[in-house]
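Quick notes on the structure that follows.
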There are 2 protein chains.
Amino acid sequence: MSKVAPTLEDVAKVAGVSRATVSRVVNGTRNVDPDIQETVRNAIEQTGYTPNRVARSLVTRRTGTVALVISGAGGGSDVFTDPFFGRVTAGVVDFLRGHSVHPVLMLADSDHARTEVVEFLRQGSADGALLVSTHPADPLPARLLDAGVPSVLYARPGSPMPVSYVDMDHRAGGRLAADHLVAAGRYNITAISGPMDVLASQDRHAGFRDAMARHGFPYVPTVEGGFTAESGAAAMHQLLSECPDLDAVFAANDLMAQAAVDVLLEHGLRVPDAVAVVGFDDSAPALACRPQLTTVRQPVERMAAQMADLLLADLEKPGQRPRSVIFEPELVVRASA
Amino acid sequence: MSKVAPTLEDVAKVAGVSRATVSRVVNGTRNVDPDIQETVRNAIEQTGYTPNRVARSLVTRRTGTVALVISGAGGGSDVFTDPFFGRVTAGVVDFLRGHSVHPVLMLADSDHARTEVVEFLRQGSADGALLVSTHPADPLPARLLDAGVPSVLYARPGSPMPVSYVDMDHRAGGRLAADHLVAAGRYNITAISGPMDVLASQDRHAGFRDAMARHGFPYVPTVEGGFTAESGAAAMHQLLSECPDLDAVFAANDLMAQAAVDVLLEHGLRVPDAVAVVGFDDSAPALACRPQLTTVRQPVERMAAQMADLLLADLEKPGQRPRSVIFEPELVVRASA
DNA sequence: TTGATGTGTGGGAGCGCTCTTACAACGTTG
DNA sequence: CAACGTTGTAAGAGCGCTCCCACACATCAA
């Protein structure tokens, strides 16, 4: 079954033309006699020829793949359990497939792994990198930039650097949540923030706090969570013991919000009657949760697609100045608040 | 920043040796004078040399990547929302990274996409394929086999063919659920099956039905679902109207089980007091569900890793006879049944 | 006619690497 | 001391492709 793959030369021999002519037909058919084109096409058909992508890559310096790098996540490969990364993947794959580009999945959760990613890209195994980096201290963006690898980030880099990225206005998202809770007449409003070493968490919380202050609530009892269900539950418990009379919670993502709802229910506190809960992201848990979560939507799929779009544009004509695209959040009102 | 990458030749010039010697040092250092090795290593350091993987691939006929193909799913890119695929990805990535192999993600949900996958692999852009194919009628496994592409399937092929695969004993899983429900003293036991054109669904249901019959329940009211939350909810509604006095439900995956629990709760039926619910898979929704789901565990990550292992083994020494590895399910008893 | 322009085709270099072959330098042995 | 391995190195072919250049031929203005 493992017949030797026919080469350009084989096709040329069958068609009675030169290698170059076959190549012209295979690629952007330019200046080739229609009759000969026909002959060549038949020969290709007959031999079952498929161009060898590796050989082509060697000379064109393009592979038709990009690296999709999940970086900085300490958690290893269980990141794929987080609905967020699934959505990023979906958005990226969906966009790239229309351009015949394929993503190579890489995890960069250790220094060793990061080096491997940089090597991989420097070696030209992929044309560029799509970087989902969660921690601002992640050295990978800078190393990729240094190595001259075309990259686009999901979320702005931890320190200023000339690189393209997509992001969302997380502050505005926090504001949306605060406005909604205050407008609903809640008084003892609390928050479960994301990990404070993540920019998105900082921004969401800052936006929330600022808006609360503007509404006359200078202090918001807050417990820091870790974006996981467990941390959300723990935070909710702590919040409950510190502020037994709370009537609202803003959680920095849906996973934590869902866990918070569970804890509240266990304590006999009805949602939203006794306590209103607002989540963040609008991912699968928001809909699975009972009551369904009122949440701030982050258009992850569209952002991921945009990220891929920016990268392909940069690959197309290199050396453009970096670009950034910021998405606006949107409040999705459901049952929980 | 986009300096021209140094080549083997450049390093050789700096070190004052030949290209071949540098190559020997870079790869399995065989028969090279230690002093010269040292010199070469310094030269590599000095020039910042990184071997060009594409050029190497051209001659070695190996790329160091494999395709991870999600096939047959009609649903497009939202498959990544399904926790199942996230778990497969996690298992594959986790295993491959230890072998410096990277997965290229491909969706084969249309005929066009399938052709692209076959081309991609025939062109030698990846060394082999990891195929997660849900429908037995999927033509991709056969096409890949025809093209001589080393492949391993997740789940046995729809029609017999000489190909390696990993699978689970889904019948045993169904049996486990039936035994548990009967042992718990349930009498009006019902089922929400998966889509009947999926082998795993057929097996889970057949195993369940057989065991039920052995326990003296010749008929199990069943509604077919589609592995999604919506379909699970709809099925539960239908079941409820057809058998108002049901006291147990076996759902063919956790997503549907969770939805079923919600519907039951809405109807004022307490879980597990009034109705016991058993899910399948033991994925994220099983834990997120209130009450937490008693479920049949499918060790997806381990199975995915095994799949990758089989593929690498076949790549290592080709032409081995196909192998299959079948995993045993395990009942995880939680609160719902 | 001559040259300028344009179109279609073949030949050959070269992308960066691996691997086989040839050969030099060194023992070791009968 | 000739004959023979053994070890370390260089040279060169070649993986399959693209792309540049040369060339053959046709067309058209001067």
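Residue numbering restarts at 1 for every chain, and letters A, B, ... go by the order of the sequence lines. The basis for the numbers below is simple: all heavy atoms, side chains too, and nothing from hydrogens, waters or symmetry mates. Source: prediction; values computed, not measured.
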(message) So, using side chain to side chain donor-acceptor pair (under 3.5 Å) as the criterion, who are the partners of A:Ser151 when residues are at least two apart?
(response) none
(request) Send over the distance from B:Arg62 CZ to D:dC15 C1', rounded to a whole Å. (result) 16 Å
(request) Taking ring pair (Phe, Tyr, Trp, His ring centres under 6.0 Å) as the test, write out the residues that go with A:Phe84, two or more places apart. (result) A:Tyr154
(request) To the nearest Å, give me how far apart CZ (B:Arg56) and C1' (D:dG14) are. (result) 17 Å
(request) Using a strict 4.0 Å threshold on nitrogen-to-oxygen distance, state whether B:Arg122 and B:Asp146 make a salt bridge. (result) no
(message) Just to verify, what does B:Glu116 make a salt bridge (charged side-chain N to carboxylate O under 4.0 Å, His left out) with, not counting sequence neighbours?
(response) none
(request) Give the nucleotide from the list C:dG10, C:dC17, C:dC15 with an atom nearest to the side chain of B:Pro51. (result) C:dC17
(request) In whole angstrom, give the distance that lies between atom CG of A:Leu8 and atom C1' of D:dG16. (result) 8 Å
(message) In this structure, how many angstroms lie between the P atom of C:dC15 and the CG atom of B:Asn52, rounded?
(response) 12 Å
(message) Does A:Val54 reach a base, just sugar-phosphate, or nothing at all? Heavy atoms under 4.0 Å.
(response) nothing
(request) Select base, sugar-phosphate, or nothing to describe what B:Arg61 touches, counting heavy atoms under 4.0 Å on all strands. (result) sugar-phosphate
(request) Determine to 10° how strongly the helix from C:dT1-D:dA30 to C:dG30-D:dC1 is bent, judged from the axes of its five-pair ends. (result) 60°
(request) Return the set of residues passing salt bridge (charged side-chain N to carboxylate O under 4.0 Å, His left out) with A:Asp10 (not counting sequence neighbours), or none when no residue passes. (result) none
(request) Output all residues satisfying salt bridge (charged side-chain N to carboxylate O under 4.0 Å, His left out) with A:Asp35, sequence neighbours left out; order by chain, then residue number. (result) none
(request) Please list, by residue number, the residues of residues 119-127 of chain A whose heavy atoms come closer than 4.0 Å to an atom of DNA chain C; answer none if no residue qualifies. (result) none
(message) OP1 or OP2 of D:dG16 versus the side-chain N and O atoms of A:Thr7: is any pair under 4.0 Å?
(response) no
(message) Suppose we screen for ring pair (Phe, Tyr, Trp, His ring centres under 6.0 Å). Which residues come up paired with B:Phe95, at least two apart in sequence or across chains?
(response) B:His99
(message) Which is more 5' along DNA chain D, the nucleotide nearest A:Leu58 or the one nearest B:Gly16? Just name the residue.
(response) B:Gly16
(request) Could you state the atom-to-atom distance from CD of A:Glu9 to C1' of C:dG11 in whole Å? (result) 11 Å
(message) How many whole angstroms separate atom CZ of A:Arg53 from atom P of C:dC15?
(response) 23 Å
(message) My understanding is that only residues two or more places apart in sequence, or in another chain, count here; which of them pass side chain to side chain donor-acceptor pair (under 3.5 Å) with B:Thr60?
(response) none
(message) Going by the rule salt bridge (charged side-chain N to carboxylate O under 4.0 Å, His left out), which residues pair with B:Arg302 if we only count those two or more places apart in sequence or in a different chain?
(response) none
(request) Indicate the atoms forming the closest heavy-atom contact of B:Arg114 with B:Ala108, along with that distance. (result) NH1-O, 3.2 Å
Within the sub-3.5 Å range, which N or O atoms of nucleotides 19-23 of chain D have a protein N or O partner, and how far apart are they?
none

(request) State which residues pass ring pair (Phe, Tyr, Trp, His ring centres under 6.0 Å) with B:Tyr165; sequence neighbours excluded, sorted by chain then number. (result) none
